[in-house]
Amino acid sequence: MNFDCPLISDCPILPSVFSSPRFQMSWMTINAALNGAEVGARITVKGWVRSRRDSKAGLSFIALSDGTCFATLQIVAAATLPEYDAVVRRLSTGASIEVDGELIESQGKGQSVELRADAVRLVGGVEDPDKYPVAGKRHTHEYLREVAHLRPRTNTYGAITRVRHTLSQAVHRFFHERGFYWIHTPIITGSDCEGAGEMFRVSTLDLANPPRTASGAVDFSKDFFGKETMLTVSGQLNVESFACALSRVYTFGPTFRAENSNTSRHLSEFWMIEPEIAFADLRDDAALAGDFLRSLVKAALDERADDLAFFDQFVEKGLIKRLEALATSTFEAMTYTEAVKILEASGQAFEFPVAWGKELQSEHERYLTEKHVGAPLVVMDYPKEIKAFYMRLNDDERTVAAMDVLVPGVGEIIGGSQREERLEVLDRRLTALGLNHADYGWYRDLRRYGTVPHAGFGLGFERMIMYATGMGNIRDVIPFPRAPKQCWF
RNA sequence: UCCGGCAUAGCUCAGUCGGUAGAGCGAUCGGCUGUUAACCGAUUUGUCACAGGUUCAAGUCCUGUUGCCGGAGCCA
């Protein structure tokens with residue numbers, strides 16, 4: 001690598017305190033070549049062949065992608081090149097090449113600039129073009145999932161990957177700019193009170209021959225941590241302790257659920273964002289959720305227009321309009337009690353009956369957000385019986401300060417609540433639910449020492465990506481999906 | 001986990017009443033063209049998911065298993 005090449009200024013670098021000295025390479029990204037490089041520049045690009053078309057005029061056209069942007073760069077390779085027959089004419093989809101050449105205005109339609117090749121070098125050929133798993137044709141998402149190591153080379157997955165990155169960056173930027181601190185909550189937990197479903201065990205015990213207690217049960221005191229440990233299902237409980245010290249904090253990391261969920265909206269391993277704010281109530285929480293979703297959508301619109309244009313055309317017609325509408329909207333909000341009234345008055349024939357005190361079913365949520373509102377919707381103040389122990393009891397003693405954000409097409413994208421900060425009320429809830437106070441020692445401590453009202457929520461990151469791209473299956477918006485019976489790569 | 005559907009060429013699928021395997025796309029070769037989802041012609045391709053059963057004969061019918069898809073539940 002040559003880090004001092006004077007010709008190259010690598011792809012648009014955002015203004016930053018880190019912008020000098022620049023990290024430069026001796027070749028140019030296709031993103032840089034297409035967006036900002038001077039016509040007439042002599043450059044080198046490297047990437048993977050999407051397609052090759054030969055012309056009897058003595059030319060071959062190569063569509064080259066390096067994944068740095070949606071578009072491919074058209075390489076024009078003349079038959080007069082010494083390597084024309086040995087290299088160029090043998091290129092097939094998927095091969096990797098390096099090309100030196102001059103960036104020129106395109107003589108053809110479909111692109112403004114193209115690279116007139118001075119030299120084409122094969123980096124890696126394709127063993128058997130007939131067997132290349134992502135040949136230049138349409139493939140189903142289901143099939144591409146089986147070749148997840150090669151699907152990043154397709155238009156769709158390249159676009160998803162770039163949007164995913166942009167949204168990740170936007171998450172951190174949003175919170176950083178508002179004074180939130182990122183807390184790295186643990187992945188391994190010894191807390192059996194997280195309570196959000198089945199957990200994966202973490203153990204170094206010999207499964208075939210585990211140590212036993214006198215009563216015959218597996219003796220976890222002999223395990224690595226001296227107790228039973230699991231993969232976390234949420235960083236919330238841990239992050240609450242940091243909120244009650246640094247005021248505004250969030251987590252953004254992987255989360256694990258061992259539920260046997262076989263749906264297009266669930267993964268066994270997914271990423272979740274959980275902000276937590278001290279001195280905040282549920283209204284503050286909902287306001288933050290709205291700002292947050294709008295900011296993420298705006299980031300995607302601003303920074304990934306090329307990828308969104310693709311999704312708009314091939315995945316969900318009208319996607320961009322929908323996102324633009326969201327970016328400037330305020331979310332409608334209603335209480336659970338109002339939602340039940342609306343559903344009861346809707347005249348819809350639901351499979352599951354609607355009644356105050358019962359969970360809202362998917363079909364109910366879908367009606368509310370897709371038909372009744374036609375936009376994102378916040379439902380608040382659910383009956384305490386159907387919500388978790390840590391949610392703050394409202395003055396009516398029947399409901400808790402919980403909220404769900406529902407969006408058309410995806411359903412529940414955010415779940416949050418104001419946390420119960422009053423020790424005696426929390427203890428009453430624990431008792432009512434038959435939970436052992438001793439198991440919640442440090443969590444109760446937060447209520448014993450300088451307790452404050454606080455609230456937060458969890459956003460399923462992959463569900464956000466689905467919403468931002470129009471993709472219909474959550475397994476297609478994460479690089480290597482983990483789901484029941486699926487851990488292939 | 002429950003309900004429903006599906007599993008046939010590299011991919012997407014057809015395959016009638018049970019009678020011994022087809023198309024499109026891709027790929028390869030050739031033709032044409034500053035081409036671009038190119039176009040025209042030719043060629044290429046099979047453990048019919050797996051295990052058993054019925055039958056003279058099973059891709060086709062029956063049983064079981066596995067996997068995938070859609071919906072539901074759990075949730076984010």
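Chain A is the first sequence line, chain B the second, and so forth, proteins listed ahead of strands; every chain is numbered from 1. What you are looking at is a predicted structure, and each value in this text was computed from that prediction instead of being measured.
The side chain of R90(A) places no N or O atom within less than 4.0 Å of a non-bridging phosphate oxygen (OP1 or OP2) of U28(B). The phosphate of C69(B) has OP1 or OP2 within less than 4.0 Å of a side-chain N or O from R475(A). Applying the 4.0 Å criterion to OP1 and OP2 of G34(B), one finds that S55(A) has a side-chain N or O inside that range. For the pair R145(A) and G67(B), the criterion of a side-chain N or O lying under 4.0 Å from OP1 or OP2 is not met. Checking the phosphate oxygens (OP1, OP2) of C68(B), a side-chain nitrogen or oxygen of Q486(A) falls inside 4.0 Å.
Pairing for C6(B) is with G67(B), a Watson-Crick or G-U wobble pair whose two hydrogen-bonding atom distances lie under 3.5 Å. Using N1 to N3 plus N6-O4 or O6-N4 for Watson-Crick, or N1-O2 and O6-N3 for G-U wobble, each under 3.5 Å, C29(B) pairs with G41(B). The partner of U1(B) is A72(B), judged by Watson-Crick or G-U wobble contacts that both fall below 3.5 Å. When Watson-Crick and G-U wobble pairs are counted only if both distances are under 3.5 Å, C56(B) pairs with G19(B).
At the heavy-atom level, A63(A) lies nowhere under 4.0 Å from the strands shown. Residue contacts shown for R52(A) are absent, as no nucleic acid heavy atom lies under 4.0 Å away. D128(A) comes within contact range of no nucleotide atom at all, as no heavy-atom separation falls under 4.0 Å. Residue-level contact check: E114(A) touches the bases, meaning some heavy atom is under 4.0 Å from a base atom.
Summarising the local packing, CZ of F242(A) is surrounded by 12 or fewer heavy atoms from other residues, nucleotides or ligands at distances under 6.0 Å. Within a 6.0 Å sphere centred on NE2 of H149(A), heavy atoms belonging to other residues, nucleotides or ligands number more than 12.
The base of U35(B) sits with one of its N or O atoms less than 3.5 Å from a complementary donor or acceptor on the side chain of Q74(A). No hydrogens or angles were tested; on distance alone, a donor-acceptor pair under 3.5 Å links the side chain of R463(A) to the base of C75(B). Side-chain atoms of K56(A) and base atoms of C32(B) include no donor and acceptor less than 3.5 Å apart. In this model, no side-chain donor or acceptor of E351(A) finds a partner on the base of G71(B) within 3.5 Å. Side-chain atoms of Q111(A) and base atoms of U35(B) include a donor and an acceptor less than 3.5 Å apart. Counting atom types as modelled, R138(A) pairs no side-chain N or O with a base atom of A37(B) as donor and acceptor under 3.5 Å. One N or O donor and one acceptor, one from the side chain of N262(A) and one from the base of U1(B), sit under 3.5 Å apart.
With both ends at atom P, the span from U12(B) to C3(B) equals 28 Å, rounded to whole Å. Comparing G70(B) with A38(B), their P atoms are spaced 28 Å from each other, to the whole Å. Taking atom P on both C39(B) and C25(B), the two are 8 Å apart, rounded to the nearest angstrom. Taking atom P on both G52(B) and U60(B), the two are 14 Å apart, rounded to the nearest angstrom. Spacing of C1' atoms, U16(B) relative to A72(B), comes out at 36 Å, to the nearest Å. Nucleotides G71(B) and G64(B) are separated by 26 Å at their P atoms, to the nearest Å. The P atoms of U55(B) and G18(B) are separated by 16 Å, rounded to the nearest whole Å. Here the separation of C48(B) from G59(B), taken at their C1' atoms, is 5 Å to the nearest Å.
Ring to ring, F174(A) and F180(A) are not that close: their centroids are 6.0 angstrom or more apart.
Separating the NZ atom of K485(A) from the P atom of U65(B) is a distance of 13 Å, rounded to the nearest angstrom. Distance, N260(A) CG to U1(B) P: 5 Å, rounded to whole Å. With rounding to whole Å, H364(A) atom NE2 is found 17 Å from G71(B) atom P. Between the P atom of G73(B) and the CG atom of L360(A) lies a distance of 11 Å, rounded to the nearest Å. The OH-C1' distance, from Y143(A) to C13(B), rounds to 15 Å in whole Å. One atom, CG of D130(A), and another, P of U45(B), lie 10 Å apart when rounded to the nearest Å. The CD1 atom of I273(A) sits 14 Å away from the P atom of A76(B) (whole-angstrom rounding). When rounded to the nearest whole Å, the span between CD of E142(A) and P of G67(B) equals 17 Å.
In this structure, F61(A) does not pack face-to-face on the six-membered ring of G34(B), missing the 5.5 Å centre cutoff or the 30° plane limit.
Listed nucleotides G26(B), G34(B), C68(B) differ in distance to A57(A); the shortest reach to its side chain belongs to G34(B). Checked against G34(B), C11(B), U33(B), the side chain of H139(A) finds its nearest nucleotide in C11(B). Out of G73(B), U35(B), G70(B), the shortest distance to the side chain of S264(A) is found at G70(B).
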* Asked: When you look at K387(A) and D404(A), which way does the salt bridge (charged side-chain N to carboxylate O under 4.0 Å, His left out) test go after all the steps?
  -> CA-CA 11 Å; K387(A) 288 292 179 182; D404(A) 284 350; 3.6 Å; yes
* Asked: Does the ring-ring contact (aromatic ring centres under 6.0 Å, His included) test come out yes or no for F352(A) and H364(A), once each step is laid out?
  -> CA-CA 9 Å; F352(A) 295 90; H364(A) 304 146; 7.2 Å; no
* Let me see the working for L426(A) and Y440(A) under side chain to side chain contact (heavy atoms under 4.5 Å, CB included), right down to the final yes or no. => CA-CA 10 Å; L426(A) 181 69; Y440(A) 298 82; over 6 Å; no
* Give the C-alpha distance, both sets of side-chain angles, the deciding distance and a yes or no for side chain to side chain contact (heavy atoms under 4.5 Å, CB included) between E370(A) and E365(A). => CA-CA 8 Å; E370(A) 289 171 9; E365(A) 295 182 342; over 6 Å; no
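Remark on RNA chain B: of its neighbouring residues T263(A) and G472(A), the 5'-side contact belongs to G472(A), judged by nearest-heavy-atom nucleotide. Comparing L267(A) and L59(A) against RNA chain B, the residue whose closest nucleotide sits nearer the 5' end is L59(A).
Among R42(A), R116(A), K46(A), R121(A), the single residue meeting the salt bridge (charged side-chain N to carboxylate O under 4.0 Å, His left out) criterion with D100(A) is R121(A).
Geometrically, R294(A) engages F331(A) in a cation-pi contact, judged by NZ or CZ lying under 6.0 Å from the ring centre and within 45° of the ring axis.
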